[in-house]
Amino acid sequence: MQNPENVQNSASVIASAISGQTGHTPRPRVGVVCGTGLGGLADALDAPDAPNAPVALDAPVALPYARIPGFPQSTVASHEGRFLFGRIGGVDVVLQQGRCHLYEGYPPEDVCMGVRVMAALGIETLVITNAAGALNPRWDAGDLMLITDHVNFTGRSPLTGPNHDAWGPRFPDMSAPYDAALGRIAMEEAARLGVRLERGVYAGVPGPQMETPAETRMYRQLGADAVGMSTVLEVIAARHMGLRVLGISCLTNKNLPDCMREAPLEEVIRVAGEAGGRLTRLVAAVVARV
Ligand code: HPA
């Protein structure tokens, strides 16, 4: 179900809390969602430009989800649970450190609440990141993948139920979910920075159990290069509202049917943390060109 009243309430609470600290209504142009272990993306953020702030700011302004009535709390220990407002290369940015997943028991509208709220605050571009298992056998743990397309294997949609026409159409187009021009900028900046960036299709699954060998083989045969438990519903909501989307996966483990290995959460977080510096530099370079 779509939940415009909750989204509007959350956006109002956020706008007044942030303007209390910065002296002006937040007007972010870009929203960034941090995947598991990728909260270090916040390192790319400078303090907001806030000449009228009651107290001079030298760091991004944070607002924990717990201070936003009705906003779903992430129950995953590796997810911080707060919005950060700041700037990257002179561009006003809001960053979502921590997200909700279907496997936590949240319905699709709660999973997408962060993206809906960031859109209500004015973002035009969404940069969405995640930790994922590599299905493409040529890739290694620690590689980054530009998401060129996705398959929604969750069986759910944030658009089920009556449509909120002010957000977008009943049957939104999904022929180009990931923005090609942003993807080209990401490839250019990756080359300039010397960061290896693969390109591929992300399979979004409900989780929380990892894949069996037979499932891994199936997702690969059905056209996916990486598999993870987030992103696809948020991208559907973002496209519903006409946002431009850049998606990047951090491949934290190899997920190959003929040599399956366990990929415990600690390893996912460790590898994401190691790759995080490269992802942060790449995202900062792309956002500065948005
Ligand atoms: N499968 C599903 N989700 C994941 C994986 C995986 O192999 N790695 C990180 N998130």
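Keep in mind that the numbers below use all heavy atoms, side chains included, and drop hydrogens, waters and symmetry copies. Counting from 1, the numbers follow the sequence of the chain as shown. Keep in mind that what you see is a predicted model, and the values were worked out from it rather than measured.
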Could you tabulate the donor-acceptor pairs under 3.5 Å formed by side-chain atoms of residues 268-280, not counting sequence neighbours?
| residue | atom | partner | partner atom | Å |
| --- | --- | --- | --- | --- |
| Arg270 | NH1 | Glu274 | OE2 | 3.0 |
| Arg278 | NH1 | Gly142 | O | 3.0 |
| Arg278 | NH2 | Gly142 | O | 3.1 |
| Thr280 | OG1 | Gly276 | O | 2.8 |

Could you tell me which residues satisfy side-chain contact (heavy atoms from CB on, under 4.5 Å) with [X], sequence neighbours excluded, listed by chain and number?
{"X": "Gln21", "result": "Val61"}
{"X": "Glu109", "result": "Met1, Asn3, Pro107"}
{"X": "Ala66", "result": "Gln73"}

Checklist line | Heavy-atom pair of closest approach, residues Gly20 and Pro54 | finding: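 Closest pair (atom of Gly20, atom of Pro54, distance): O-CG, 3.4 Å.
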Item checked: CA sep, side-chain torsions, deciding dist, call: Glu189, Arg281, salt bridge (Lys or Arg N to Asp or Glu O under 4.0 Å) -> CA-CA 9 Å; Glu189 291 301 321; Arg281 282 185 286 134; over 6 Å; no
Item checked: Contacts of type salt bridge (Lys or Arg N to Asp or Glu O under 4.0 Å), residue Asp179, not counting sequence neighbours ->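 With sequence neighbours excluded, Asp179 shows a salt bridge (Lys or Arg N to Asp or Glu O under 4.0 Å) to Arg244, given in chain and number order.
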Note to self: Applying salt bridge (Lys or Arg N to Asp or Glu O under 4.0 Å), can you list everything that pairs with Asp165, at least two apart in sequence or on another chain?
What the structure shows: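 Counting only residues at least two positions away or on another chain, Asp165 forms no salt bridge (Lys or Arg N to Asp or Glu O under 4.0 Å).
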Notebook entry, point to check: Among side-chain atoms of Ser230 and Arg99, is any donor-acceptor pair under 3.5 angstrom?
Noted result: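 There is such a pair between these side chains.
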Note to self: Between Asn253 and Glu267, do the side chains contain a donor N or O and an acceptor N or O under 3.5 Å apart?
What the structure shows: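 Note: Glu267 and Asn253 side chains miss the donor-acceptor criterion.
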Checklist line | Partners passing ring-ring contact (aromatic ring centres under 6.0 Å, His included) against Tyr106 (at least two apart in sequence or in another chain) | finding: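 Not a single residue meets the ring-ring contact (aromatic ring centres under 6.0 Å, His included) criterion with Tyr106.
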Check: Which residues pass the ring-ring contact (aromatic ring centres under 6.0 Å, His included) test with Phe83, sequence neighbours left out?
Finding: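 With sequence neighbours excluded, Phe83 shows a ring-ring contact (aromatic ring centres under 6.0 Å, His included) to Tyr65, Phe71, given in chain and number order.
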Among all residues two or more places apart in sequence or in another chain, which pass the side chain to side chain donor-acceptor pair (under 3.5 Å) test with [X]?
{"X": "Arg27", "value": "none"}
{"X": "Glu198", "value": "Trp139, Arg196"}
{"X": "Asp58", "value": "none"}

Note to self: Strictly by ring-ring contact (aromatic ring centres under 6.0 Å, His included), give each pair with a member in residues 220-258 just once, sequence neighbours left out.
What the structure shows: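 As it turns out, there is no ring-ring contact (aromatic ring centres under 6.0 Å, His included) pair with a partner in residues 220-258 once direct neighbours are skipped.
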